[in-house]
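One structure is given below, encoded as structure tokens.
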Protein chains: 2
Amino acid sequence: MLIAERGFKRTSIDDVIEHASLSGKSHFYHYFKSKDQLGLEVLSRQFEKFAERGLAILREPMIEPIERLNLFIDSLVSLQTERGFRIGSPFGNLASEMADLHEGFRERLTLVFERWASQIQSLLWEARPYLTEQADTVRLSRFIIATLEGALMMSKVSRDAEMLRGIAADLKRFVSMHIREGVAA
Amino acid sequence: MLIAERGFKRTSIDDVIEHASLSGKSHFYHYFKSKDQLGLEVLSRQFEKFAERGLAILREPMIEPIERLNLFIDSLVSLQTERGFRIGSPFGNLASEMADLHEGFRERLTLVFERWASQIQSLLWEARPYLTEQADTVRLSRFIIATLEGALMMSKVSRDAEMLRGIAADLKRFVSMHIREGVAA
DNA sequence: AAACGTATGGACCAGATAGTCCGAATCAGG
DNA sequence: CCTGATTCGGACTATCTGGTCCATACGTTT
């Protein structure tokens, strides 16, 4: 979507109308109550698309859970690399922009991150037999997301593929720190 | 500064004039060539302030380097907590907002992150005797910054102090992973 | 085919915003 | 006290924004 790339504020309703080949303002306001409503909708849409495609790999039943997590991290890295580092995270951009714009946005964003985290949590829960007892799935999932978000943001700024790959690799190492001795990843 | 809190786009020149008690538009345009120029200036100012106060602890000569790093992480956590999670990172907000607005902004932001990273690198370099051989100071410094940025962004969205503390604690654990056996942090 | 309700096009409005411009005030030196 | 230059104040312009409104096209039912 346009908004994901260019930001919410910087995308005018006229832009949206042109891009979506709507016939006019009233056509737009037929679908959306206001621009804010559009923002919420886009956010939800964005997450659903992400949950469908991006997060799908986390649920892949034929692959070992930890391996799945690594693949997921890799997939984010290659997505960002392919797209020339223009996107950052699907939500990170919108998050820092919209969070203080509107209480409703903030709540929705919280929800989005929570749902993402819970996907990782259930993966980690599944991987429990391989993990050490100290491993806290909730904390670990949040850590993973935060690092990924930060890495994507920074790679968007610096456009440095090496940096992104390095952080991703270190993140995997951090996760593997929680794997029991004698268990292959 | 105003812009750091409210964002660049959402702060009008009139806002700046009022807030800085300037006499009028021409007064503003006497100091700055354009609004973009102001943005660059603010960014530099912001980093200098951060380097002076926030990063100062990293250079504190009387404290063990790794201990300093932990204190620095703690200081970011408490700053964000004190301010009610409204700020996020000093740069993260501006970064994702301004990076694709203007090539000049992007370059300046890259510089800012690099300078921050190099401060952490020299700290890690100093701590070399305590670290394992595999520890790569450049990569580690980037990882630390990315995780902090992501954590600050997410805590700004969720306003969850617990989450921020958890990520910070895990980050310290990750750093301590690179400390040689038998060396107290 | 008439009548009616709904979708549509796009002109229009009010408010905001970056940036310009010119007249007035201030202050220097003679 | 006058003159000239520099700074200051804020009115003004052009443009863009989200949002409204109404007349018309269309389709459906009778």
Side-chain angles (χ1 to χ4, degrees), chain A residues 1-47 86-88 90-91 93-109 112, chain B residues 1-47 86-88 91 93-109 112 157:
Chain A
M1 198 68 153
L2 250 194
I3 289 189
E5 262 188 57
R6 307 192 15 187
F8 182 68
K9 267 257 153 190
R10 286 174 55 216
T11 307
S12 75
I13 289 186
D14 285 335
D15 289 339
V16 174
I17 288 168
E18 194 187 353
H19 186 258
S21 332
L22 297 179
S23 48
K25 280 277 174 71
S26 37
H27 201 166
F28 175 89
Y29 281 96
H30 178 66
Y31 288 121
F32 304 102
K33 206 177 111 271
S34 66
K35 199 193 173 187
D36 284 355
Q37 231 247 322
L38 167 74
L40 285 174
E41 218 91 0
V42 164
L43 199 53
S44 301
R45 244 349 196 272
Q46 197 78 7
F47 180 74
R86 247 164 301 136
I87 317 258
F91 317 115
N93 302 333
L94 298 177
S96 48
E97 180 184 5
M98 291 159 100
D100 41 20
L101 200 66
H102 199 290
E103 189 62 11
F105 284 154
R106 221 204 78 238
E107 282 162 14
R108 184 68 63 102
L109 283 161
V112 160
Chain B
M1 197 71 153
L2 249 195
I3 288 189
E5 261 188 60
R6 308 192 12 188
F8 181 67
K9 267 260 152 186
R10 285 174 53 214
T11 307
S12 75
I13 290 185
D14 285 335
D15 289 341
V16 174
I17 288 168
E18 193 188 355
H19 187 258
S21 330
L22 297 179
S23 48
K25 280 278 174 71
S26 38
H27 202 164
F28 174 89
Y29 282 96
H30 180 64
Y31 288 122
F32 303 101
K33 204 177 114 272
S34 66
K35 200 192 174 190
D36 284 354
Q37 231 246 323
L38 167 75
L40 284 174
E41 219 92 358
V42 164
L43 199 54
S44 301
R45 235 12 182 265
Q46 196 76 8
F47 179 74
R86 246 165 301 134
I87 316 257
F91 317 115
N93 302 333
L94 297 178
S96 48
E97 180 183 6
M98 291 159 98
D100 42 19
L101 199 65
H102 199 292
E103 188 62 14
F105 284 155
R106 220 204 80 236
E107 281 162 13
R108 184 70 61 102
L109 282 161
V112 160
V157 169

Nucleotides 15-20 of chain C: which of its N/O atoms have a protein N/O under 3.5 Å away?
residue: dA18(C); atom: OP1; partner: K35(B); partner atom: NZ; Å: 2.8
residue: dA18(C); atom: OP2; partner: I13(B); partner atom: N; Å: 2.9
residue: dG19(C); atom: OP2; partner: Y29(B); partner atom: OH; Å: 3.0
residue: dG19(C); atom: OP2; partner: K35(B); partner atom: N; Å: 3.0
residue: dG19(C); atom: O5'; partner: Y29(B); partner atom: OH; Å: 3.3
residue: dG19(C); atom: N7; partner: K25(B); partner atom: NZ; Å: 3.0
residue: dG19(C); atom: O6; partner: K25(B); partner atom: NZ; Å: 2.6

With sequence neighbours left out, what residues match Q37(A) under side-chain contact (heavy atoms from CB on, under 4.5 Å)?
-> F32(A), K33(A), S34(A), E41(A)

For Y31(A) and dG18(D), give me the distance from atom OH to atom P, rounded to whole Å.
-> 19 Å

For H102(A), side-chain hydrogen bond (donor to acceptor under 3.5 Å, both in side chains) partners two or more places apart | D36(A)

Measure from NZ or CZ of K35(A) to the centre of the six-membered ring of F28(A) and say whether it is under 6.0 Å with the direction within 45° of the ring axis.
-> no

Taken to the nearest whole Å, CG/L38(A) to P/dG19(D) is 10 Å

Enumerate, atom names and distances included, each donor-acceptor pair closer than 3.5 Å involving a side-chain atom of residues 15-22 of chain B, sequence neighbours excluded.
residue: D15(B); atom: OD2; partner: R6(B); partner atom: NH2; Å: 3.1
residue: D15(B); atom: OD2; partner: S12(B); partner atom: N; Å: 3.2
residue: D15(B); atom: OD2; partner: S12(B); partner atom: OG; Å: 3.3

Separation of dG10(D) P from H30(B) NE2 (nearest whole Å) = 17 Å

Quick one: H27(A) NE2 to dA11(C) P, roughly how many Å, whole number?
-> 17 Å

Contacts of type side-chain hydrogen bond (donor to acceptor under 3.5 Å, both in side chains), residue R10(A), not counting sequence neighbours = D100(B)

Report the residues that fulfil side-chain hydrogen bond (donor to acceptor under 3.5 Å, both in side chains) with S44(A), sequence neighbours left out, ordered by chain and then residue number.
-> R108(A)

